[in-house]
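Data first, discussion second: the structure below is written as structure tokens.
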Amino acid sequence: MISRPVFHDKTISASEITPEAVYRGRRAFLKTAAVVAAAAVVGACGGQQTASTPTRAATVQSDGSTDELGDALTGYEDVTNYNNYYEFSFSKQEVAGLAQGFKTTPWTVEVGGLVQNPKTYGIEDLLKQFPQEERIYRLRCVEAWSMVIPWQGFELGALIKEAQPMSSARYVRFTTLYDPEQMPGQRSSSFPWPYTEGLRLDEAQHRLAILASGLYGKPSLPQNGAPLRLVVPWKYGFKSIKSIVKIELTEEQPATLWSALAPNEYGFYANVNPQVDHPRWSQSSERRIGDGKRRPTLMFNGYAEEVSGLYAGMDLKTNY
Ligand SMILES: Nc1nc2c(c(=O)[nH]1)N[C@H]1C(S)=C(S)[C@@H](COP(=O)(O)O)O[C@H]1N2
Ligand SMILES: [Mo]
């Protein structure tokens, strides 16, 4: 049985590179503009009426150079050079180099299964049809490290809506490209390639679940899952499947690569939960890439207010 290696957990220092500096500058400007606009709105409301406090959900979207908890963005260098992508390498520092030149055009994404309106999209058409917005999300890997990443993406729910789920549809299954010529890791038979993942339909329709095509204001590099990957910020990072070619609605809970390999270590739900340890390590805290500091891991990765309703009445210790 394949299990994740024990981690060396090498700290990579964030470096000041141009794209990131440019990015931060631009965001700082937008942030100022947003504050001015908000002040105008409050002024218009007037009187003693309290300006409606933005919900946490609203602030999840963007604040510029921090997430809504005030945590700094992880540097572009780290986000693009410390990657889990087993199709290329088991070594996080090797992925970027091996993924260089990975062909992301032409690319199609097939949406099918239990839907009234199945469709195969060319990636350019898909990104044109569903406008990309910025979402700053924490990414918490099951290996107990984390990052804060400004993604560009669109809500998975919008694509599902267009597909028109049949009433029998209860789950969504995602599949990564299978191309052993381009992805050396897929030549190893120790994994049930291609990588697959799944969500319950209502999880997939939650507005925090996005399909991302870019980060830091630029199209994604191959190591981050170009041209299109899932981002589900309240679940462990392995749910956020990269380079998706197929999205299918199903009636049965789909098999997923990690739960097929090690069901006692990686459940279908994989919600970030500091109270449920991995059998081989604690999940109570995490190391933030960039500053290297340990911080407590938050229930649902800090998105409990938005997503805990999805799991009302469920035992999250057995449904891990
Ligand atoms: N197809 C595919 N998707 C994948 C993986 C992978 O190995 N293959 N690794 C997952 C894991 S374990 C994590 S933590 C995130 C890492 O995303 P990042 O490299 O963009 O930070 O991608 C996830 N998506
Ligand atoms: Mo991960």
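Counting starts at 1 for both ligands and their atoms, following the listed order. On a predicted model such as this, the values are computed, not experimentally measured, just so you know.
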Handout entry: Per-residue contact class, Met147 against ligand 1 - non-hydrogen pairs under 4.0 Å
Key = neither
Practice task
Go through the steps to decide whether Val307 and His206 satisfy the test side-chain contact (heavy atoms from CB on, under 4.5 Å), and finish with yes or no.
Solution key: CA-CA 8 Å; Val307 303; His206 192 281; 3.7 Å; yes
Exercise for the section: Counting heavy atoms only, name the option from Glu87, Arg140, Lys242, Gln223 that's nearest to atom 16 (C) of ligand 1. Expected result: Lys242
Practice task
Check each atom of ligand 1 against the heavy atoms of Cys141 and keep those under 4.0 Å away; list them by number with element.
Solution key: 14 (S)
Practice task
Could you list the atoms of ligand 1 found under 4.0 angstrom from a heavy atom of Leu139?
Solution key: 21 (O)
Handout entry: Geometric cation-pi criterion, Lys239 with Phe268: 6.0 Å, 45°
Key = yes
Practice task
Report yes if Trp145 has an N/O atom closer than 3.5 Å to an N/O atom of ligand 1; otherwise report no.
Solution key: no
Problem - Contact atoms of ligand 1, heavy-atom distance to Tyr86 under 4.0 Å - result: 6 (C), 7 (O)
Practice task
Kindly state each residue pair satisfying salt bridge (charged side-chain N to carboxylate O under 4.0 Å, His left out) with at least one member in residues 159-178, sequence neighbours excluded.
Solution key: Lys119-Glu162, Arg173-Glu248
Problem - Atoms of ligand 1, numbered as shown, that sit under 4.0 Å from any heavy atom of Ser240 - result: 22 (O), 23 (C), 24 (N)
Handout entry: Arg229 to ligand 1, any heavy atom closer than 4.0 Å
Key = yes
Exercise for the section: Test Leu139 against every option in Ile289, Val79, Ile149 by the side-chain contact (heavy atoms from CB on, under 4.5 Å) rule and name the one that passes. Expected result: Ile149
Practice task
Consider every N or O of Thr176 and every N or O of ligand 1, then say whether any pair is closer than 3.5 Å.
Solution key: yes
Practice task
Please identify which atoms of ligand 1 are closer than 4.0 Å to at least one heavy atom of Ile241.
Solution key: 3 (N), 24 (N)
Exercise for the section: State which residue, out of Val109, Leu199, Thr196, fulfils the side-chain contact (heavy atoms from CB on, under 4.5 Å) condition with Phe174. Expected result: Leu199
Problem - Distance-only polar pair, side chains of Tyr137 and Glu68, donor-acceptor under 3.5 Å - result: no
Fill in the blank from the handout: Those residues at least two apart in sequence (or on a different chain) that pass side chain to side chain donor-acceptor pair (under 3.5 Å) with Gln132 are Ser213
Practice task
Report, in ascending order of atom number, the atoms of ligand 1 lying under 4.0 Å from any heavy atom of Asn224.
Solution key: 18 (P), 20 (O)
Practice task
Check Tyr320, Tyr236, Trp258 against Tyr266 for a ring-ring contact (aromatic ring centres under 6.0 Å, His included) and give me the one that passes.
Solution key: Trp258
Completion exercise
Honestly, for Tyr85 the part within reach of ligand 1 (heavy atoms, under 4.0 Å) is both
